[in-house]
Amino acid sequence: MTGFLEVGGKSMSDERKYVEELGDVEDDFDRWYVEVVRRAELADESPVRGTRVIRPYGFALWENMQGELDRRIKATGVQNAYFPLFIPKSMLEREAEHVEGFAPEVAWVTRGGNKDLDEPWAVRPTSEAIICPTYARWVQSYRDLPILINQWCSVVRWEERPRAFLRSLEFLWQEGHTAHATLEEAEERARLMLEVYRDFVERELAIPLIPGQKTESEKFAGALRTYTIEAMMGGKKWALQSGTSHNLGDHFGRVFGIEFLDRDGERRYAFNTSWGLSFRTIGAVIMVHGDERGLKLPPRVAPIQVVIVPIWRKDEEREAVEAAVQRVRDVLQPVARVFVDRRDDKTPGWKFNEWELKGVPVRLEIGPRDVAQDQVTLVRRDTHEKRPVSVTELAGVVPAILDEIQANLFAAAKQMLDENTVEIDSYAQLKERVEANAGFSRAYWCGSETCETQVKAETKATIRCIPFEQPGTPGRCIVCGREAEQQVIWARAY
RNA sequence: CGGGGAGUGGCGCAGCCCGGUUAGCGCGCCGCGUUCGGGACGCGGAGGUCGGAGGUUCAAAUCCUCUCUCCCCGACCA
């Protein structure tokens, strides 16, 4: 997020010119976020508190993300299906930890038409409680396993403090649910799907991650183990859990009766996994890559990768420019998502600013000067670099530049993550860093919930994860000083 | 749910304290014309009954009561 603090380079007023009502990214990141979401036309407010209208531009972004993730999920042998929105109260309550964890966030249907329901229905906050009983009906033999199913849907959680994309009453996601004959296989699947998420988020969204395991207190309600990918947001350098994968053990198999006769003739309960990634990752894209001019979308998922802005003065020019634009569009259409901004009520300058706000990676300006030399003026959103490219080279140059931008965004985000992740060896340092919004702190932790709770109460920072990558040597817990086997990542989180 | 702030054309605000003509301003919007290489300009025009309900008064955006919503902070948050 170097862009945020880099304003010093140019004069403040120069930069402000682009910002206008965007809000100051330096000292009011939250407001900046709200404004970007609104002005880039990703989402609009809705009449229902905590919910948003996802506008076409925002939804197109989500669709591109869906496409890429869906492809990866299916490549691991998973099929898509759909389960009902409503879950009978008694079913949701079968797994004790599960219901306890979700109870405060569940929305209930108590009335249908003009009759009160005998049994209230939960609007799914997640679907384990309806999918597992279904699996129980489908499984008799080890030959029926594994079951590998994913669904794209929305779920409802009654959040107290909603934030567009990051935490809303209703949100879009995919949730995968699998059932296996052995714990080992479930574990393998849980880790595999986390890896799918990591690959997707890092390669498509250009967001570097710290993959790891959640602590007991932070894990999914009812899970044996929860794995997570944690990303660092710009601005306040807080963490955002960007995807999660659970090994549910046989807890759900037992309570929902997913029983099968194994190869050796023994009756066994199935082992489950579940894993989800939601459109909160859109929030991550905004906060990780955005700058004082607005969004900066990773080319691989950007709804519009190349925007063409025609420029002319006189009618004669208009004709020539229009012809060139047509030609350029035809050349690029097969290799990129192209949009031609033909609006004639907006000046080129206005359009430049708007498309930058909307994060389009590449802009092509085509005016009389370009037409005369059979070229276009190409401008990168990430570096603001402006250069002429001859029309004949476009089809080769544009894809290459899109790849470069993708790599560049990842590199910049990686640098932010690395520069703001520091290994510390004292609680005092942690307090200081949390106070200063200094980013992630990596430190030894003894594993006790007491230390974890104390830090959370005193600093608001939580253990984001126990990273898979460990030094391999023991150290001392920064809270209690006892011997500790592993390091954890401490940070404040959205 | 606790603390703070705010609701006035689509957006941002002024007016309110010290009630009183047709509720202003900027942006945006519509029409016409000139413009167009980093948020153009002129002329003409449309649009609000002041979050909602009740009350005080000859008279309420303005005072009083209740209520709803949004924002920020806190508590909560797979």
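By convention in this document, chain letters (A, B, ...) are assigned in the order of the sequence lines, proteins followed by strands, and residues within each chain are numbered from 1.
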Ionic contact status for E195(A) with R191(A), cut-off 4.0 Å: no
rU21(B): pairing nucleotide in any strand, Watson-Crick or G-U under 3.5 angstrom: none
For rA60(B), give the paired nucleotide (Watson-Crick: N1-N3 plus N6-O4 or O6-N4; G-U: N1-O2 and O6-N3; both under 3.5 Å), or none. none
Taking OP1 and OP2 of rC77(B), is either one under 4.0 Å from a side-chain nitrogen or oxygen of R167(A)? no
OP1 or OP2 of rC29(B) under 4.0 Å from side-chain N/O of K346(A): yes
With a non-hydrogen cut-off below 4.0 angstrom, is P368(A) in contact with a base, only sugar-phosphate, or nothing? base
Separation of rG38(B) P from R381(A) CZ (nearest whole Å): 17 Å
Touch class at under 4.0 angstrom, heavy-atom based, for R363(A) against every strand present: base
Just to be sure I understand the rule, does T377(A) reach a base, reach only the sugar-phosphate, or reach nothing, if contact means heavy atoms closer than 4.0 Å? base
Using atom C1' in both nucleotides, what's the gap between rC71(B) and rC32(B) to the nearest angstrom? 42 Å
Taking atom P in both rG20(B) and rG15(B), what distance in whole Å separates the two? 14 Å
Expressed as a whole number of Å, how far does the C1' atom of rC16(B) sit from that of rC77(B)? 40 Å
Nucleotide nearest R52(A) (side chain, heavy atoms from C-beta), chosen from rC36(B), rC77(B), rC71(B): rC71(B)
For the pair made of CD in E35(A) and P in rG12(B), what is the distance, rounded to whole Å? 8 Å
Donor-acceptor under 3.5 Å (R492(A) side chain, W238(A) main chain): no
rC18(B) and rC63(B), which share atom name P, separated by this distance in whole Å: 8 Å
Counting only N and O atoms by type, is there a donor-acceptor contact under 3.5 Å from the side chain of Y57(A) to the main-chain atoms of K358(A)? yes
Hey, is the main chain of R313(A) close enough, under 3.5 Å, to the side chain of E317(A) for a donor-acceptor pair? yes
Does E45(A) reach a base, just sugar-phosphate, or nothing at all? Heavy atoms under 4.0 Å. nothing
How would you label the contact of G367(A) with the nucleic acid (heavy atoms, under 4.0 Å): base, sugar-phosphate, or nothing? base
If you measure from the P atom in rG10(B) to the same atom in rC29(B), how many Å do you get, rounded? 15 Å
Rounded distance in Å between the C1' positions of rG5(B) and rA60(B): 24 Å
Pairing partner (Watson-Crick or G-U wobble, both distances under 3.5 angstrom) of rG42(B): rC32(B)
How far does the C1' atom of rC50(B) sit from the matching atom of rG74(B), given to the nearest Å? 33 Å
Applying a 3.5 Å limit to both distances, which nucleotide forms a Watson-Crick or G-U wobble pair with rG37(B)? none
Applying the Watson-Crick and G-U wobble criteria at under 3.5 Å, what pairs with rA53(B)? Answer none if nothing qualifies. rU65(B)
Given that both distances must come in under 3.5 Å, which nucleotide forms a Watson-Crick or G-U wobble pair with rC11(B)? rG26(B)
R163(A) to Y33(A) six-membered ring, cation-pi geometry met (6.0 Å, 45°): yes
With a 4.0 Å limit, can you tell me whether T347(A) has a side-chain N or O closer than that to the phosphate oxygens OP1/OP2 of rA40(B)? yes
Check whether T281(A) reaches the backbone of S278(A) with its side chain - one donor and one acceptor, N or O, closer than 3.5 Å. yes
Assign K219(A) to base, sugar-phosphate, or nothing according to its heavy-atom contacts below 4.0 angstrom with the strands shown. sugar-phosphate
Nearest listed nucleotide, side chain of P348(A), among rC36(B), rC11(B), rC73(B): rC36(B)
Please tell me if R163(A) has a side-chain N or O lying less than 4.0 Å from either OP1 or OP2 of rC77(B). no
Pairing of D291(A) and R381(A) as salt bridge, 4.0 angstrom limit: yes
By the 4.0 Å heavy-atom rule, please label K460(A) as base, sugar-phosphate, or nothing. sugar-phosphate
Which base, if any, makes a Watson-Crick or G-U wobble pair with rG2(B), both distances under 3.5 Å? rC73(B)
Rounding to an integer number of angstrom, what distance separates rG26(B) and rA14(B) when you compare their C1' atoms? 11 Å
Considering only heavy side-chain atoms of R161(A), the closest of rG37(B), rC73(B), rG38(B) is rC73(B)
